[in-house]
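Please read the structure below before turning to the comments.
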2 protein chains.
Amino acid sequence: MPENPVSQSVNPVIQSVWTRPRRPKREQPTLSRDVIVAEAVKLLDEEGAAALSMRRLGTRLNAGATSMYSHVASKDELIELVVDHIYGEMEVPGPDAARDWRTAAARCANGIRSTILRHPWIAPMLGEVGVSLGPNSMRLTEGMLAMLEEAGFDLEQADHVVRILFAYVMGMTTSEAAWLTMLARSGQSQEDWTRKVWPAVEQATRDYPHLRRRYTAQEGGRSNEVLVDNFGYGLDWVLDGLQARLDRG
Amino acid sequence: MPENPVSQSVNPVIQSVWTRPRRPKREQPTLSRDVIVAEAVKLLDEEGAAALSMRRLGTRLNAGATSMYSHVASKDELIELVVDHIYGEMEVPGPDAARDWRTAAARCANGIRSTILRHPWIAPMLGEVGVSLGPNSMRLTEGMLAMLEEAGFDLEQADHVVRILFAYVMGMTTSEAAWLTMLARSGQSQEDWTRKVWPAVEQATRDYPHLRRRYTAQEGGRSNEVLVDNFGYGLDWVLDGLQARLDRG
DNA sequence: GCGGGGTTGCGAACAGTGTACGCACATCGT
DNA sequence: ACGATGTGCGTACACTGTTCGCAACCCCGC
């Protein structure tokens, strides 16, 4: 029988138009921006930035490779949405936080830091996306600006402060996130990894005594508390400067 | 005459073994790590990060697509080399800078900033590469550490300071670089671009009065001086905190 | 009822990617 | 003179993002 040349795709032997399984009924639009973005975040959390491809995302959603393009214009746009989704996880300073703006700012900074460390793949994306008009990112800066103005800064000062604060947090957290992702990619523990590259470090620091002393001092990698302390120090310095500026008028 | 089909792959008709042009004589090894990295930097400067592909790089070097793999293990490794090459453009504080560590640190920070802004594509790469053992990156941190210890900080403090300072500089400069690259990609001037997206901004800031006031206040984008001032403020704050810590012991 | 827009899903196809493999050749140490 | 070594490169493979056109479904006006 049937060399039926109707073959319309993978399997050249097609039984008949009548026996061919109909496409599964569409109960309701299964795809939407929200579920796409949510699944992308899940994929990124589980497998990292390199694993995000439209095809993989599609199969995870039981969808075809190109089915997302009705809801999202391009992969870059998807990434912008993902970034704003993560902004949405960050805590916004409430309106009454101006009473103690200093702890409110520190709290917000720490919140941003831990959000990024929960999704370390976001750090390079933040560098590529830059300033965005996403609603969540705007909510965050709006909250910050409002709090600072309430606390006595004028518009320009508050603008500077927000920029400086965010820059510090992003810079500090980006390097922590890079360390985390490299560790995750190697699949080893901190101790294993440092033990493994130790000879290379020793050889590379041959001509750099201070660096060598630094590495030997903190052998086995920085512990989490050390990192938090380090983050807190710099944050305090920035907030000190901020306070001085506020007192000065 | 000279339809000399130099290629034997594209054109299946091969005249003869004898008439086939011999491969051009190799005068001397034309490829090396250095020329590859240098050309990669040039390509990145001219066309941005998205344009860097092994094939394009190869053709720019009059080489085949895969000829670089004798000198460079992978594209990721090439990027690490490129990053360290850029580190090499940054000014390292000299040994006598400890006399006035504050201006030395500020000078170094400004140097890092302007180097990054000269190569804005590097910002996301710094986020992906993280800490590296490249010689130039080590020279820089070694110089910083040495200067700070000379100035009176102990090892641990100097470590903190370097990390905090770099974090601030990277964070601040990354957002500036992102703005620059987006501008370059759109091919428009600051004014054109802001004018063009203004309605979108106006609509997006409907519910965010502080943000809207901020945008309207600095309409037409931040000028260069404003950016430098902004960078300098935060830097001063960080250095103030640093100074206080030094005075306290 | 019953068309017909408009939207959503998707298979195929296209141009372009990083890179593994193996062959041709040049160079060099013996 | 001859193998060992290392460099250049054509080919090939598995993927990538994205376009296009077609099929199926929804809803809305008749």
Side-chain angles (χ1 to χ4, degrees), chain A residues 6-12 14 17-18 20-36 39-40 43-44 47-82 125 128 185, chain B residues 5-12 14 17-18 20-36 39-40 43-44 47-82 125 128:
Chain A
V6 189
S7 117
Q8 73 219 53
S9 66
V10 179
N11 190 343
I14 179 137
V17 192
W18 312 111
R20 176 184 47 180
R22 310 200 43 139
R23 187 160 325 171
K25 209 182 136 207
R26 179 155 33 171
E27 50 270 16
Q28 69 222 22
T30 67
L31 248 42
S32 75
R33 265 196 187 186
D34 291 336
V35 312
I36 291 174
E39 191 67 36
L43 170 55
L44 286 163
E47 312 192 43
L52 176 63
S53 85
M54 300 304 269
R55 283 188 236 276
R56 285 176 64 94
L57 187 54
T59 57
R60 280 175 72 114
L61 289 161
N62 290 110
T66 63
S67 302
M68 278 94 64
Y69 282 87
S70 328
H71 307 266
V72 157
S74 68
K75 193 188 181 185
D76 285 343
E77 190 183 296
L78 170 63
I79 287 181
E80 285 187 52
L81 293 171
V82 164
M125 290 181 184
E128 299 194 49
R185 209 169 16 180
Chain B
V6 187
S7 86
Q8 74 216 57
S9 54
V10 179
N11 191 341
I14 180 155
V17 191
W18 313 111
R20 175 185 49 180
R22 309 202 42 135
R23 177 145 348 155
K25 207 177 139 218
R26 177 157 30 168
E27 49 271 17
Q28 69 220 23
T30 66
L31 247 43
S32 74
R33 264 196 189 188
D34 291 335
V35 312
I36 292 174
E39 190 68 35
L43 171 54
L44 286 163
E47 311 192 45
L52 175 63
S53 86
M54 299 304 269
R55 288 193 231 288
R56 283 175 66 94
L57 188 54
T59 57
R60 281 175 73 113
L61 290 162
N62 288 110
T66 64
S67 302
M68 278 93 65
Y69 282 87
S70 328
H71 307 266
V72 156
S74 69
K75 191 187 182 187
D76 285 344
E77 191 183 294
L78 170 63
I79 287 181
E80 285 187 51
L81 293 171
V82 164
M125 290 181 184
E128 299 195 47

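Lettering of chains follows the sequences in order, A, B, ..., and the numbering in each one begins at 1.
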Correct closest heavy-atom pair for B:Leu44 and B:Ala49 would be CD2-CA, 3.6 Å
In whole angstrom, give the distance that lies between atom CG of A:Asp34 and atom C1' of C:dT8.
16 Å
With sequence neighbours excluded, what pairs up with B:Ser53 under the side-chain contact (heavy atoms from CB on, under 4.5 Å) test?
B:Arg55, B:Arg56
Any idea which heavy atoms bring A:Ala40 and A:Val82 closest together, and the distance?
CB-CG2, 3.9 Å
Hey, could you give me the CG/CD1 distance between B:Leu52 and B:Ile79, rounded to the nearest 0.5 Å?
6.0 Å
Considering all heavy atoms, the nearest A:Met54-A:Leu78 contact
SD-CD2, 4.2 Å
Whole-Å distance between D:dA14 C1' and A:Arg56 CZ?
13 Å
Of the non-hydrogen atoms in B:Ala63 and B:Leu31, which two are nearest, and what is the gap between them?
CB-CD2, 4.1 Å
Got a sec, which residues hit side-chain contact (heavy atoms from CB on, under 4.5 Å) with A:Glu80, two or more places apart in sequence or on another chain?
A:Val129
B:Glu128 meets the side chain to side chain donor-acceptor pair (under 3.5 Å) criterion, sequence neighbours left out, with none
Can you measure A:Ile36 atom CD1 to D:dG17 atom C1' for me and round it to whole angstrom units?
15 Å
Quiz item: A:Thr66 side-chain donor-acceptor pair to C:dG9 base, under 3.5 Å
no
Whole-Å distance separating the CE atom of A:Met68 from the P atom of D:dG17:
9 Å
Interface with DNA chain C, restricted to residues 48-55 of chain A and to heavy atoms under 4.0 Å
A:Arg55
Does any residue of residues 57-64 of chain A have a heavy atom under 4.0 Å from DNA chain D, and if so, which ones, in number order?
none
Please report the interatomic distance OG(A:Ser70) to CD1(A:Ile36), rounded to the nearest 0.5 Å.
8.0 Å
Go nucleotide by nucleotide along DNA chain C from the 5' end; which of A:Ser67 and B:Tyr69 gets its closest nucleotide reached first?
A:Ser67
When you measure from every atom of DNA chain D, which of residues 71-79 of chain B have a heavy atom less than 4.0 Å away?
B:His71
Using the side-chain contact (heavy atoms from CB on, under 4.5 Å) criterion, which residues pair with B:Thr66? Sequence neighbours excluded.
B:Tyr69
What residues form a side-chain contact (heavy atoms from CB on, under 4.5 Å) with B:Ser74, not counting sequence neighbours?
B:Asp76, B:Glu77
